There are 2 protein chains.
Amino acid sequence: MKHSIKTYQFFFGALANPNRLQIINILRQGKKNVSEICQVTGFEQTMVSHNLKVLEYHGMVFREKNGKFRYYAVNKKTIKPLLEFIDTHMEEYCCRILEEKHERKK
Amino acid sequence: MKHSIKTYQFFFGALANPNRLQIINILRQGKKNVSEICQVTGFEQTMVSHNLKVLEYHGMVFREKNGKFRYYAVNKKTIKPLLEFIDTHMEEYCCRILEEKHERKK
DNA sequence: ATAACATATGATAATTATATCATTCTTATG
DNA sequence: CATAAGAATGATATAATTATCATATGTTAT
């Protein structure tokens with residue numbers, strides 16, 4: 001591991017939250033400002049801002065200023081392949097959970 | 001997103017824990033049983049077992065029975081490229097500043 | 001059979017993360 | 001300047017996760 005355990009912990013922690021994942025998912029369609037994200041999700045503004053800060057801190061989204069608006073864009077270079085990779089993993093290993101349950105019954 | 005938000009949340013949540021990350025890191029060198037993991041890490045046996053269960057549940061480690069021992073092996077096909085990918089991301093978007101901040105928190 | 005070791009499980013106290021509230025900062029416009 | 005709208009920040013009660021304790025299960029050897 002190139003970096004400290006804590007660095008990886010916080011990186012994954014940033015993605016281990018349903019609201020942040022939903023924000024990411026919405027931003028995948030294109031950049032949006034905070035109010036727009038609130039409208040689409042129904043989330044409170046402060047909650048969105050707090051969570052966007054976490055995502056930006058980890059380089060998962062980028063911020064762009066436009067007047068009084070702050071537009072956020074997802075880091076496609078990272079997020080897109082990351083989610084695709086995990087999809088592949090899940091397809092291959094999610095079935096193991098069932099197998100394991102059968103094994104224990106013996 | 002192919003899967004539900006919760007599925008991704010729990011996947012990343014499994015990796016958002018320093019003890020589980022340390023266990024993964026040790027298993028990268030080769031398969032080990034629970035006692036061996038405890039010895040190397042200094043962790044309690046019950047804590048290791050609990051965390052291994054989480055990792056196994058998500059297909060991040062595999063279990064192999066050998067007498068009274070249970071050997072755990074990391075899912076290299078997933079974990080290795082995943083960590084490498086994140087290293088690349090960190091080099092480009094975060095790294096140094098974060099590492100330093102984590103150091104200070106100790 | 002039972003002792004001794006290896007591992008797993010369940011409950012819960014303690015830690016950590018999170019949403020919410022109150023407030024402040026920023027920018028645009030009358 | 002004053003006001004309003006968009007966004008960020010800080011404090012904190014709540015919710016979620018985690019380590020620990022007590023105990024159970026499984027395995028080997030005596």
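A note on names: the letters A, B, ... follow the listed sequences, proteins ahead of strands, and every chain is numbered from 1. This one's a predicted model, so the numbers in the text were calculated from it and none came from an experiment.
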Notebook entry, point to check: For A/Asn51 and C/dA19, is the shortest distance between a side-chain N/O and OP1 or OP2 below 4.0 Å?
Noted result: yes

Note to self: C/dA17, OP1 or OP2 - any side-chain N/O from A/Asn17 closer than 4.0 Å?
What the structure shows: no

Item checked: Donor-acceptor pair, side chain of B/Glu91 and main chain of B/Thr88, under 3.5 angstrom -> no

Next item on the list: Taking B/Asn75 for its side chain and B/Gly59 for its backbone only, find out whether a donor-acceptor pair lies under 3.5 Å.
Entry: yes

Contacts of [X] that satisfy side-chain hydrogen bond (donor to acceptor under 3.5 Å, both in side chains) - sequence neighbours left out:
{"X": "B/Ser49", "result": "B/Gln45"}
{"X": "A/Gln39", "result": "none"}
{"X": "A/Glu64", "result": "A/Lys31"}

Margin query: Protein within reach of the bases, or only the backbone? For nucleotides 7-13 of chain D, mark each nucleotide 5' to 3' as B, S or -, using heavy atoms under 4.0 Å.
Written below: BBBB---

Length of the [atom1]-[atom2] vector between [X] and [N], whole Å:
{"X": "B/Gln9", "N": "C/dT18", "atom1": "CD", "atom2": "C1'", "value": "11 Å"}
{"X": "B/Glu64", "N": "C/dA6", "atom1": "CD", "atom2": "P", "value": "18 Å"}
{"X": "A/Phe12", "N": "C/dT16", "atom1": "CZ", "atom2": "P", "value": "20 Å"}
{"X": "B/Leu55", "N": "C/dA8", "atom1": "CG", "atom2": "P", "value": "12 Å"}
{"X": "A/Ile23", "N": "C/dT18", "atom1": "CD1", "atom2": "C1'", "value": "12 Å"}
{"X": "A/Glu44", "N": "C/dA22", "atom1": "CD", "atom2": "P", "value": "11 Å"}
{"X": "B/Phe43", "N": "D/dC21", "atom1": "CZ", "atom2": "C1'", "value": "18 Å"}
{"X": "A/Met47", "N": "C/dA22", "atom1": "CE", "atom2": "P", "value": "17 Å"}

Next item on the list: Supply the members, apart from A/Phe69, of the Ile/Leu/Val/Met/Phe/Trp/Tyr cluster built from side-chain contacts under 4.5 Å; use none for a lone residue.
Entry: A/Tyr71

Notebook entry, point to check: Nearest nucleotide by nearest heavy atom, which residue falls closer to the 5' end of DNA chain C, A/Asn19 or A/Gly67?
Noted result: A/Asn19

Check: What residues form a side chain to side chain contact (heavy atoms under 4.5 Å, CB included) with B/Lys6, not counting sequence neighbours?
Finding: B/Ser4, B/Gln9, B/Phe10

